[in-house]
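First the structure, in the form of structure tokens, and then the observations on it.
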Amino acid sequence: MKPTYPPHAVSRLRADRLLRSTRPFLARGGPKGERCSGCRLILSHCLCALRPIVPSRAAICLLMAEHEALKPSNTGWLIADVVPDTMAFAWARTEVNPALLAVLADPQWQPYVVFPGEFVAPERVITDLLPADAPQTSAPTSAGNKRPLFILLDATWPEARKIFKKSPYLNQFPVLSLLPEQLSRYRLRRSRRDDHLCTSEVAALCLALAGDTAAAQALEMYLDLFTDHYLRAKQQLKVEWEDDLHVKLQNLLASAT
């Protein structure tokens, strides 16, 4: 039986966006565009039974361009699938959601804007977490230790640069510039540069940096599996449920129960 989950931050954002649409949004693929409401894949390639949910100390805050939540290939949705503490807000140039400002002002969080350092003033750029937020070898002794909040700009690269430049409320926070050792493996939408990672890959790197290794590994595997199912559906190929990719994620789910 297919599992059911309560709506997460990105699915709620998508529902809100659809309510405001003046015409229906029809994703390509499947009979009459029919897709699973849980994973956005056509029904024959549904991934919901293999969704890993892994708590983490760090949280993810997605600032999403207008149409991202509607795209079946969007990987911010995968982050919200895996990481319970995922928040999502639609970005607009002329107004800021008060709920977003409340999150950024919440003293439990240390926000980090994740963005390439080459486009930022050097004094704002860091390549590691602030000392108080770094992974602890034992329980933290300081009551003031904050949880990392990674702010990801979920958009195409031109849109992400616009969001970064035109969001002055982010200027007060450090910019975390990641230095990934591997090129992007994302195959659904390509950037002009291979070193530009998709949003889910960036989130996995951030989680690993914060010491949330299990969540980072689960998200990496889930992205690979989603990509496999998505491309097989597009090419009208059956899912290979017993291949290494599926077995690894099934083993991860079994070890977590």
Side-chain angles (χ1 to χ4, degrees), residues 5 8-11 13 39 47 50-64 68 74-89 100 103-104 106 108-117 125-140 145-155 160 170 173-186 188 195-227 245 248-249 251-253 255-257:
Y5 302 97
H8 55 53
V10 181
S11 62
L13 195 62
C39 64
L47 191 63
L50 291 175
R51 172 181 168 184
I53 301 176
V54 185
S56 62
R57 176 172 171 267
I60 305 293
C61 178
L62 298 170
L63 290 187
M64 305 186 73
E68 280 299 323
N74 172 265
T75 67
W77 187 292
L78 304 182
I79 301 168
D81 276 349
V82 175
V83 180
D85 283 332
T86 298
M87 310 160 207
F89 300 93
L100 169 60
V103 167
L104 298 179
D106 190 327
Q108 74 171 303
W109 304 116
Q110 170 55 64
Y112 296 89
V113 183
V114 184
F115 200 74
V125 178
I126 59 175
T127 57
D128 204 346
L129 301 190
L130 299 176
D133 305 318
Q136 305 289 323
T137 55
S138 59
N145 192 42
K146 296 184 177 184
R147 296 173 61 190
L149 176 68
F150 298 109
I151 302 169
L152 308 186
L153 312 183
D154 193 12
L170 298 179
F173 303 121
V175 173
L176 178 63
S177 181
L178 299 172
L179 304 173
E181 297 179 356
Q182 60 185 27
L183 299 180
S184 175
R185 298 173 297 171
Y186 184 56
L188 303 185
D195 58 342
H196 284 173
L197 306 178
C198 75
T199 307
S200 183
E201 289 174 308
V202 171
L205 290 171
C206 290
L207 291 168
L209 199 62
D212 291 313
T213 306
Q217 292 176 341
L219 186 55
E220 286 179 344
M221 279 192 273
Y222 194 54
L223 171 64
D224 287 343
L225 207 62
F226 175 78
T227 302
L245 195 59
K248 285 181 181 178
L249 191 53
N251 290 340
L252 178 71
L253 293 173
S255 65
T257 58

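What's counted below: heavy atoms across the whole structure, side chains too, no hydrogens, waters or symmetry copies.
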Is there a side-chain contact between [X] and [Y], using heavy atoms and a 4.5 Å cut-off?
X      : Y      : result
Val113 : Pro174 : no
Leu78  : Cys39  : no
Leu62  : Phe89  : no
Glu68  : Leu13  : no
Ser200 : Glu220 : no
Met87  : Val103 : yes
Leu152 : Ile79  : yes
Val125 : Phe115 : no

Intermediate values then yes/no, side-chain contact (heavy atoms from CB on, under 4.5 Å), Leu63 and Leu100: CA-CA 9 Å; Leu63 290 187; Leu100 169 60; 3.5 Å; yes

Pairwise distance [atom1]([X]) to [atom2]([Y]) - rounded to 0.5 angstrom:
X      : Y      : atom1 : atom2 : result
Cys206 : Leu178 : SG    : CG    : 4.5 Å
Asp224 : Glu201 : CG    : CD    : 8.5 Å
Met64  : Leu153 : CE    : CG    : 11.5 Å
Asp81  : Phe226 : CG    : CZ    : 9.0 Å
Leu219 : Ser56  : CG    : OG    : 10.0 Å
Leu47  : Leu225 : CG    : CG    : 5.0 Å

side-chain contact (heavy atoms from CB on, under 4.5 Å) between Asp128 and Leu209, worked out: CA-CA 7 Å; Asp128 204 346; Leu209 199 62; 3.7 Å; yes

Looking only at non-hydrogen atoms, find the nearest pair between [X] and [Y] and report the distance.
X      : Y      : value
Leu249 : Pro52  : CD1-CG, 4.2 Å
Cys198 : Leu223 : SG-CD2, 3.8 Å
Asn74  : Gly76  : OD1-N, 3.0 Å

side-chain contact (heavy atoms from CB on, under 4.5 Å) involving Ala58 - partner list, sequence neighbours excluded: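 For Ala58 the side-chain contact (heavy atoms from CB on, under 4.5 Å) partners, ignoring immediate neighbours, are Pro148, Phe150, Leu207, Ala210, Asp212.
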
Geometric cation-pi criterion Arg51 and Tyr5, 6.0 Å radius, 45° cone: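 Pair Arg51/Tyr5 counts as cation-pi.
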
Basic-acidic side-chain contact under 4.0 Å: Arg147, Asp85: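 Yes.
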
Any side-chain donor near an acceptor of the partner, Tyr112 and Asp133, under 3.5 Å: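 Side chains of Tyr112 and Asp133: pair found under 3.5 Å.
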
Gln110 and Leu129: CA distance, side-chain angles, deciding distance, side-chain contact (heavy atoms from CB on, under 4.5 Å) verdict: CA-CA 10 Å; Gln110 170 55 64; Leu129 301 190; over 6 Å; no

Side-chain donor/acceptor of Gln217 to backbone N/O of Ala214, under 3.5 Å: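 Judged by distance alone, no pair lies under 3.5 Å.
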
Working for side-chain contact (heavy atoms from CB on, under 4.5 Å), residues Val175 and Leu170: CA-CA 9 Å; Val175 173; Leu170 298 179; over 6 Å; no

